[in-house]
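Below is one structure, written out as structure tokens; the observations come after it.
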2 protein chains.
Amino acid sequence: MSSIREIAALAGLSPASVSLYLNDKSTTRVGPAAKERIDAAVKKLHYHKNIFASTLSTQESKLIGIIIPSLMPLFGNEYTNTLLTGVQSQLSERGYGMLFFPSNAHTSVEIVEEQIHRSSGCDGYVLFSTGFCTQTQVEKNILELQKTDKPFVTLNIPEMDSAIRQVLIRDLEVCSGTRYLLERGHKRIGLVLGRTGGVHAKKLYADHRDILEESGIPFDPQTVVYGEYSAEQSYTMVKKLLKQHPELTALNCMSDIMAASALLVAQDLGLSVPEELSIIGRNNSLHARLASPSITTVDLHIEEAGKSAAHLLLEAIAGSTGGQKIIISGTFIERETVRTLQ
Amino acid sequence: MSSIREIAALAGLSPASVSLYLNDKSTTRVGPAAKERIDAAVKKLHYHKNIFASTLSTQESKLIGIIIPSLMPLFGNEYTNTLLTGVQSQLSERGYGMLFFPSNAHTSVEIVEEQIHRSSGCDGYVLFSTGFCTQTQVEKNILELQKTDKPFVTLNIPEMDSAIRQVLIRDLEVCSGTRYLLERGHKRIGLVLGRTGGVHAKKLYADHRDILEESGIPFDPQTVVYGEYSAEQSYTMVKKLLKQHPELTALNCMSDIMAASALLVAQDLGLSVPEELSIIGRNNSLHARLASPSITTVDLHIEEAGKSAAHLLLEAIAGSTGGQKIIISGTFIERETVRTLQ
DNA sequence: ATAAATTGATAAAACGTTTAACTTATCGGA
DNA sequence: TCCGATAAGTTAAACGTTTTATCAATTTAT
């Protein structure tokens, strides 16, 4: 409400002096007596500098636009939230804030366009990936971001042009659940993915198939099922899968929530875990730890990925040029749902 | 990057005309031919209006400051996230965005001060409560918010002056877990709370004690334990509690995560649930549903609370005056962890 | 034919901060 | 005594958008 002009008037100074002092308390361009008067006036009028005016003047907002191309409610899934936690922690250390401009458009491309459009003027962007967007959509999002001429970084989007600043959570070579199960003697492995067409699900599908075939095990598309990242849907689909394919000795699930749901199915079908069915999850979320038996999973270091992304972006804003790619590897968290076959 | 002036130049018009058209596509103050030239220029230069400049001019940012006095990582707890989901959904319907200005100060009061300070200029604020702040801290936060002269609403902060716009999730009268257990014949009920001194834990403590005493059952402070909202801590504390107080037939837990941890303790101690120990959680989170046996809990309608808060705030911004209080009641979700005693 | 209304535009001030350039006054040193 | 520093300020333009007031040209109504 109160402006720098009012402070200046109350302190008997010009706005310039007030601004000078407020932005550098130890400036020599304002005398000690004047400093005290400014402090008093600020206290009296509850003055806070207006970020909008200040951004306009300095051309620096200290604000990062968070772009989440999700049709689902934000903050509704653990994966995104953990990523956000990481981003946020790094940003706050460097004094940056976050801008969310949600949209209620109906396609993920429109959502991103609107988000970018409305947050125009902030210092950079983080583009999240969600299981709900396809490769084509992602590419359009990137194009849109490039038009802004501001630095941005993409978070865990597979198959990305490497000229783009990005943080990638790699699980294939290093820590595929399928490979883990294979190494423990499993040959009939079901796959529980998120959403058909989603970038992540597609990647995991291909990985699963390739790894099986490399090992000389025929891949049966019928043993792949989509749980839509939801507990209900996963329950239904896994139940159907296990009934139709009783030969399966293990399930590789794309998320811990889906793994926990699979565990419930096993219990309801009277299959003991891990004796009759092994289950591996992904994410190392609380759901895996609190399940009983506790679920073996792969820790994707999601929070760290968020931090790295923010770090990369901040470097870019500070002037470092060129694309850069950070790859985060997962690690297995061995718990009680995987059995080694003889 | 590109400004309205450049668009104007490219379209052979004045900035005023461009602004007029861009803010009202059907304006009659710009001719059809001119409109086309503007559209072309906008497309060519990838123009997006700068929200900072526009906010400065209109004195309206369409941005809500989200104030979360948390020392813990943001987005790290389900309760806050669900609240945020609600807030966000309502805001986005009305075209508002959210501003997060995290802080790394060391007390919750300083955090709030910094958040308010840095988001000065936005249209209103939502003050979240977290289990980590005390009544005194909350009161300081409110004072600070009042100084901004902007509308704000508090979310689920008990014992609040009713002149303040607020949304309260009430569980005492309507749906206390303690009462629920009492009505099912339990007399020795342990209480698992969040954090000592936290506003919410304090409220539930008092409720628990009062309800017991009203029913003529002596309240034993030794049967109250603090799980710090964490799975590990809850496990440890509940284990200690159950060992020291084997007479307990039921546990009222302040969150589903703590209830799920309690369930794990019971399993490890060889207590069957609900035959030998009944457990009730709170929040109706996925953890309660995915546990086995699934956990009886109380749905606090947290997302709805978030929505109401945003709605209240938006009304206030639109000019409606006076404090207003919205009370959301919980409902019981009956599942498998509570047994009715003879 | 003239007055009134409409159409299609523009100029300029305003929003609150920042900052480069400028102005005094005072003081120490040669 | 005068010069140069330094301290303690101020002025004014700029950032990008909005909006009120103004204007000229054209159309419509009488």
Side-chain angles (χ1 to χ4, degrees), chain A residues 1-39 41-42 45-63 117-123 148-150, chain B residues 1-39 41-42 45-63 117-123 148-150:
Chain A
M1 208 80 269
S2 61
S3 78
I4 206 172
R5 241 182 289 273
E6 297 172 51
I7 301 298
L10 202 69
L13 291 164
S14 73
S17 299
V18 177
S19 173
L20 253 14
Y21 169 61
L22 258 21
N23 286 306
D24 175 16
K25 296 267 178 184
S26 63
T27 182
T28 63
R29 296 180 55 187
V30 177
K35 285 183 180 179
E36 277 178 28
R37 276 177 288 143
I38 295 177
D39 282 333
V42 164
L45 300 184
H46 308 308
Y47 173 77
H48 293 305
K49 102 160 92 174
N50 183 314
I51 44 166
F52 299 94
S54 140
T55 293
L56 189 57
S57 181
T58 60
Q59 300 291 87
E60 190 196 31
S61 66
K62 292 277 180 182
L63 239 26
H117 176 237
R118 300 212 42 198
S119 53
S120 153
C122 62
D123 299 345
T148 66
D149 281 331
K150 299 275 178 165
Chain B
M1 208 83 268
S2 60
S3 78
I4 205 172
R5 240 181 290 270
E6 298 172 51
I7 302 299
L10 202 70
L13 290 166
S14 72
S17 298
V18 177
S19 173
L20 253 14
Y21 169 61
L22 256 23
N23 286 307
D24 175 15
K25 297 268 178 185
S26 64
T27 182
T28 62
R29 297 180 54 186
V30 178
K35 286 181 178 180
E36 277 177 28
R37 276 176 290 142
I38 295 177
D39 282 332
V42 164
L45 300 184
H46 309 308
Y47 172 77
H48 293 304
K49 103 160 89 175
N50 182 314
I51 44 165
F52 299 94
S54 136
T55 292
L56 190 57
S57 180
T58 59
Q59 301 291 86
E60 191 197 32
S61 66
K62 292 274 179 187
L63 238 26
H117 176 237
R118 301 211 42 199
S119 55
S120 153
C122 64
D123 298 347
T148 67
D149 281 332
K150 299 274 180 165

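Convention: sequence-line order gives letters A, B, ...; per-chain numbering from 1. Just so it is clear, the structure is predicted and the values come from calculations on it, not from any experiment.
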* Under 3.5 Å donor-acceptor pair, Ser54(B) side-chain atoms to dT17(D) base atoms -> no

* Distance-only donor-acceptor test (3.5 Å): side chain Ser14(B), base dT10(C) -> no

Would you say a side-chain N or O of [X] is under 4.0 Å from OP1 or OP2 of [N]?
X        : N       : answer
Asn23(A) : dT18(C) : yes
Ser3(B)  : dG16(D) : no
Asn50(A) : dC15(C) : no

Atom-to-atom span, [atom1] of [X] to [atom2] of [N] - whole angstrom:
X        : N       : atom1 : atom2 : value
Lys62(B) : dT18(D) : NZ    : C1'   : 15 Å
Ile38(B) : dG8(C)  : CD1   : P     : 12 Å
Leu13(A) : dT18(C) : CG    : P     : 15 Å
Ile4(A)  : dG16(C) : CD1   : P     : 11 Å
Gln59(A) : dT19(C) : CD    : P     : 11 Å
Phe52(A) : dA14(C) : CZ    : P     : 22 Å
His48(A) : dG16(C) : NE2   : C1'   : 15 Å
Arg5(A)  : dT11(D) : CZ    : P     : 12 Å

Quick check: does any side chain N or O of [X] sit under 3.5 Å from a backbone N or O of [Y], one acting as donor and the other as acceptor?
X         : Y        : result
Thr58(B)  : Ser54(B) : yes
Thr55(B)  : Ile51(B) : yes
Glu6(A)   : Ser3(A)  : yes
Asp123(B) : Glu60(B) : no

* To do: May I ask you to say what Ser17(B) touches in the nucleic acid, namely base, sugar-phosphate or nothing, with a heavy-atom cut-off under 4.0 Å?
  => base

* To do: Identify whether any heavy atom of Tyr21(A) sits under 4.0 Å from a base atom; if not, whether one sits that close to sugar-phosphate; answer base, sugar-phosphate or nothing.
  => nothing

* **Nucleotide nearest Val30(A) when distance is taken to its side chain, options dG9(D), dT18(C), dT18(D)** => dG9(D)

* Residue of the set Val30(B), Ile4(B), Leu10(B), Val42(B) for which side chain to side chain contact (heavy atoms under 4.5 Å, CB included) holds with Val18(B) -> Ile4(B)

* Check side-chain hydrogen bond (donor to acceptor under 3.5 Å, both in side chains) between Lys49(A) and all other residues, then give those that pass, not counting sequence neighbours. => Asn23(A)

* Heavy-atom distance under 4.5 Å between the side chains of Ser26(B) and Asp24(B), does that happen here? -> yes

Enumerate all atom pairs, one protein N or O and one N or O from nucleotides 20-28 of chain D, separated by less than 3.5 Å.
unit_1  : atom_1 : unit_2   : atom_2 : d
dA21(D) : N6     : Arg29(B) : NH2    : 2.7

* Structure fact -> Residue pair Lys35(B)/Leu56(B) against DNA chain C: nearer the 5' end by closest nucleotide is Lys35(B)

